[in-house]
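Here is the structure we will look at, set down as structure tokens.
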Amino acid sequence: MTVGILGGGQLGYMLALAGYPLDFHFRFLDPSPQAPVGRIAPRVTAEYTDSEALDKFAHGLALVTYEFENVPVEAARHLARRLPVYPPPQALEAAQDRLNEKTLFQKLHIPSTEFAVVNSAGELGHAVRKLGLPAVLKTRRFGYDGKGQWVLRTREDVARLEEQFPDAPLILEKFMSFARELSVIAVRGRSGETAFYPLVENHHRGGILRLSLAPAPRLSAALQQQAELAARRILDALDYVGVLAVELFELDGHLFANEIAPRVHNSGHWSIEGAVTSQFESHLRAVAGLPLGETRMLGCAAMLNLIGELPEPSELLAMPDAHLHVYGKALRPGRKVGHVTVRASSPEQLRIRLAELPHFFQREEFCLSVLVPK
Ligand code: AMP
């Protein structure tokens, strides 16, 4: 079976790597001729809005999925008229606009941060009066890795934003002093069966994910249950097929949904070595109508993103149970170019292994001693 994937970045690359042993073939569509999947699969280089290219791309495919959430919904709908497209285009629509996302959370009674719509500089003051300071102003669309976001702490911050008002629809969110950030990776098959990975604790710097700990330290059954309940409601409401990530804030033992990603997710990369079935294989099994695999963990794991530069491999690979993934992208500051997963049989052993990682990982940018909780 040949699976078509919209988007040709590292997520698509890892989907293909998981799919080859299951006898899947892949074809990618991406506007960039430099898309990393080029080294392992045939790739159509075209804009997502080019319907002729989409038709050519779709020829002979069993189904289409995506690894990039900002694929125009119309492109997914266009393809869905010809062949199965999973997750369904309405999931893209819900995830691409923060207002749609928040409205979905409200409709499903999933706790989330309080917010107000801000369409003009004039509306900002009103929204700030409603929610108070500090607050976070976010573009409704196309925000990623902390881009398109402004934290407003003072009246001066508000006045500055009013003067240089971004030319985009926005929402203002109440700033949440959460205890930590978590995410749950969920999967739903074609017949509605579901599976969930353990909650993961995520640490960001400069708006970019640096480290995920799986399972999240001090994870209680009640917290996991809360996350699964929220994820299941979203999966069912969207008649979802495939892997979905739900990003959450934890405050006083309660979870608040921040956003969803209708695709495999950076905070699930640990599952390649750390779970019986990786998130990539789970996604492919789901969209292809195969039985979902076990999501059980194999020990515990830490995933460290490699941002803009790569470590010297031999020192890292000399360590027990350390795994290097390089995406084949040009090295540029702020760009995710690979990741490392360290696995261990217990949280204590994991902490020891992380402390013994080469100097590269102990530098300021990583600051493992700060990031890894005791
Ligand atoms: P997002 O693009 O919504 O995932 O936001 C990026 C990061 O900004 C999150 O991972 C949080 O660390 C932080 N953030 C987003 N929304 C809020 C909020 N309402 N309160 C506090 N921090 C936030």
Side-chain angles (χ1 to χ4, degrees), residues 11 68-70 91-92 94-106 110-118 124 127-154 157-158 161 166 168-186 199-214 216 227 230-231 234 244-252 254-269 303-305 307 334-336 339 365-367 370-371 373:
L11 301 178
F68 173 61
E69 74 204 58
N70 284 320
L92 276 185
Q96 282 178 359
D97 184 328
R98 290 186 192 274
L99 180 58
N100 292 350
E101 216 168 33
K102 294 275 190 199
T103 312
L104 179 70
F105 296 152
Q106 282 179 332
I110 296 171
S112 178
T113 42
E114 263 185 82
F115 73 100
V117 175
V118 179
L124 182 58
V128 168
R129 276 191 297 281
K130 181 178 159 201
L131 299 175
L133 290 178
V136 190
L137 188 66
K138 299 180 175 180
T139 54
R140 275 170 51 181
R141 298 172 63 87
F142 306 120
Y144 70 98
D145 287 348
K147 293 190 174 65
Q149 272 189 41
W150 300 265
V151 178
L152 309 180
R153 295 187 185 280
T154 61
D157 292 341
V158 178
L161 253 300
L170 304 159
I171 63 168
L172 187 73
E173 275 180 26
K174 205 178 171 75
F175 186 91
M176 182 165 265
S177 302
F178 48 77
R180 56 178 175 168
E181 294 191 63
L182 303 168
S183 60
V184 66
I185 308 286
L199 272 166
V200 167
E201 181 177 299
N202 298 316
H203 296 261
H204 299 80
R205 277 176 144 235
I208 304 178
L209 179 68
R210 304 283 155 157
L211 170 78
S212 292
L213 295 170
I234 300 166
L244 171 90
V246 186
E247 295 180 27
L248 303 147
F249 299 143
E250 184 190 351
L251 181 63
D252 298 333
H254 295 286
L255 294 178
F256 297 81
N258 176 35
E259 59 180 2
I260 57 172
R263 52 169 171 78
V264 287
H265 193 255
N266 195 171
S267 68
H269 291 0
M303 188 283 314
L304 299 101
N305 268 337
I307 316 280
R335 199 173 197 211
K336 292 174 183 169
H339 75 265
E365 295 90 296
F366 279 93
C367 255
V370 178
L371 291 175

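Each ligand, and each atom within it, is numbered from 1 in the order the structure gives.
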Which ligand 1 atoms are under 4.0 Å away from a heavy-atom of Thr113?
19 (N)
Less than 3.5 Å between some nitrogen or oxygen of Asn258 and one of ligand 1, yes or no?
yes
Under 4.0 Å, heavy-atom basis, I'd like to know which part of Asn202 is in contact with ligand 1: side chain, backbone, both or neither.
neither
With heavy-atom distances below 4.0 Å as the criterion, list the atoms of ligand 1 near Lys138.
3 (O), 15 (C), 16 (N)
Nearest heavy-atom pair of Leu92 and Phe68: which atoms, and what distance?
CD2-O, 4.5 Å
Between the candidates Gln149, Arg98, His204, which shows the shortest non-hydrogen contact distance to atom 7 (C) of ligand 1?
Gln149
What's the shortest heavy-atom distance between Leu248 and Ala257, and which atoms?
CD2-CA, 3.8 Å
Can you list the atoms of ligand 1 that are under 4.0 Å from a heavy atom of Glu247?
4 (O)
Identify, with sequence neighbours excluded, every residue that meets side-chain hydrogen bond (donor to acceptor under 3.5 Å, both in side chains) alongside Ser212.
Asn202
Might you point out which heavy atoms bring Ala94 and Asn100 nearest each other, and give the distance in Å?
O-CB, 3.7 Å
With only distance considered, is Val136 within less than 3.5 Å of ligand 1 through an N or O on each side?
no
Determine whether the side chain, the backbone, both or neither of Met176 has a heavy atom under 4.0 Å from any heavy atom of ligand 1.
both
Which atom names give the shortest non-hydrogen contact between Asn258 and Glu173, and what distance separates them?
OD1-OE1, 4.2 Å
Suppose I only count heavy atoms of Phe178 and a 4.0 Å limit; which atoms of ligand 1 are within that range?
12 (O), 21 (C), 22 (N)
ring-ring contact (aromatic ring centres under 6.0 Å, His included) partners for His265, two or more places apart
none
Nearest heavy atoms of Leu182 and Ala216, plus distance in Å:
CD2-CB, 3.7 Å
